[in-house]
Amino acid sequence: MTIQLAPQSLAVTPSNPMNPYWAEIKAIQPEAPGVATYWLQFLDPAVRQGYTFLPGQFNMLYMPGYGEAALSISSDPENRGLVGHTVRHVGNVTNNIARLRVGDVIGVRGPFGTAWPILEAKGSDIIISTGGIGFPPLRSLIYYTMNHRQDYGRIAVLYGARTPRDLQFTSEYEAWEKAGVEIMVTVDRSDETWTGQVGVVPILFYRLKMDPRKSYILTCGPEIMIRFVVYEALARRVPANRIFLSLERNMKCGLGQCGHCQIGPYFVCKDGPVFSYEALEPYYNVEEL
Ligand SMILES: Cc1cc2nc3c(=O)[nH]c(=O)nc-3n(C[C@H](O)[C@H](O)[C@H](O)COP(=O)(O)OP(=O)(O)OC[C@H]3O[C@@H](n4cnc5c(N)ncnc54)[C@H](O)[C@@H]3O)c2cc1C
């Protein structure tokens, strides 16, 4: 039996994937403390036209003198004008991205990686379960499903952040709900402004009535959250080949050589980041793998 990892890229990479394309920052949208979305436009009009990606894929963003970081594409795959990246400023490259301003230029290589199972899941319900900086690759999926609403059943988003201030994309929830996307939000710690749910993301499954026979579970976020989301999905008898996870493991070489992002026989950089749980199951519960 061949185990399906996740859809390979059907998208078009403009030319040599080792050469960065230069893109101008057209807008910067603060999302939460230490997190912002950068809206990029390729300088070369031919690249702007030719560049396509699928929801779930990532680019390597290149800051000359500092290096590259893998960053998921958080924008609408059908918006050819601008490519969005939502970045948490945590280290060498991303803290320097934080210093960029509108009009500055950055290098982009990509798109890379496997995508969410958008074709396979047609006709099914999609339950998106995400936390923290795992939301960006799922926002591009939300846009995709909104553009193709008739192709999918129910779309539900279960999302958690540490505090109400850390919630991302809040200005868009109303538009998403109007387009038929259900949104359930929780925070780990509330404050005086919060009247909603408090607790970790997997508890939202207890408020969700779902049909496991026709649902896909798509998850990205901290690995501990992903583990518990998988437990909740399996407990509701969602089959392992309909649970998909995007792993954002520490990636270095991007070529499957250094092993930093390895899980069992797979490398997140060349076999992922999106995997079916069916593929990962034998390795996922082995400590330190
Ligand atoms: C496929 C993929 C998609 C990603 N998408 C996004 C995204 O959309 N937005 C975003 O903000 N980040 C994303 N990340 C994470 C991002 O690539 C890392 O945070 C990256 O290391 C930042 O580079 P840096 O040079 O700023 O930090 P570094 O200087 O490399 O590292 C800073 C600190 O974070 C630790 N670290 C680095 N990467 C990881 C990781 N993946 N998991 C846990 N700890 C880590 C390092 O050990 C170090 O302590 C993604 C990662 C992958 C593999």
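In each ligand, atom 1 is the first atom listed, and ligand 1 is the first ligand listed.
Counting atoms of ligand 1 from 1 in the listed order, those under 4.0 Å from a heavy atom of A69 are 22 (C), 23 (O). In summary, the atoms of ligand 1 found under 4.0 Å from a heavy atom of V87, numbered by their order in the structure, are 11 (O). Per-residue contacts place V90 under 4.0 angstrom from the following atoms of ligand 1 (heavy atoms of the residue considered): 19 (O), 32 (C). Of all atoms in ligand 1, listed by their number and element, those nearer than 4.0 Å to a heavy atom of P273 are 1 (C). Using a 4.0 Å cut-off to heavy atoms of T86, the atoms of ligand 1 that qualify are 7 (C), 8 (O), 9 (N), 10 (C), 11 (O). Contact atoms of ligand 1 toward F58: 1 (C) (distance under 4.0 Å to a heavy atom of the residue). Of all atoms in ligand 1, listed by their number and element, those nearer than 4.0 Å to a heavy atom of T94 are 22 (C), 24 (P), 26 (O). Numbered from 1 in the order shown, with element, the atoms of ligand 1 that lie under 4.0 Å from a heavy atom of R88 read 10 (C), 11 (O).
Looking only at heavy atoms of the protein, atom 29 (O) of ligand 1 is closest to N92 N, 3.0 Å. Distance from atom 16 (C) of ligand 1 to its nearest protein heavy atom, with residue and atom name: A70 O, 3.4 Å. In terms of protein heavy atoms, atom 44 (N) of ligand 1 is closest to N250 ND2, 4.8 Å.
Geometrically, ligand 1 and V93 share a nitrogen or oxygen pair separated by less than 3.5 Å. Distances between N or O atoms of N95 and those of ligand 1 include no value under 3.5 Å.
Using a 3.5 Å distance cut-off with no hydrogens or angles, the side chains of R139 and Q168 do not pair a donor with an acceptor.
Residue-level proximity to ligand 1 for R249 is carried by the backbone, the only part with a heavy atom below 4.0 angstrom. With a 4.0 Å heavy-atom cut-off, ligand 1 is reached by the backbone of S72 and by its side chain too.
A donor-acceptor contact shorter than 3.5 Å links the side chain of N92 to the backbone of Y66.
Judged by a 6.0 Å distance limit and a 45° cone about the ring axis, R236 is positioned over the six-membered ring of Y206.
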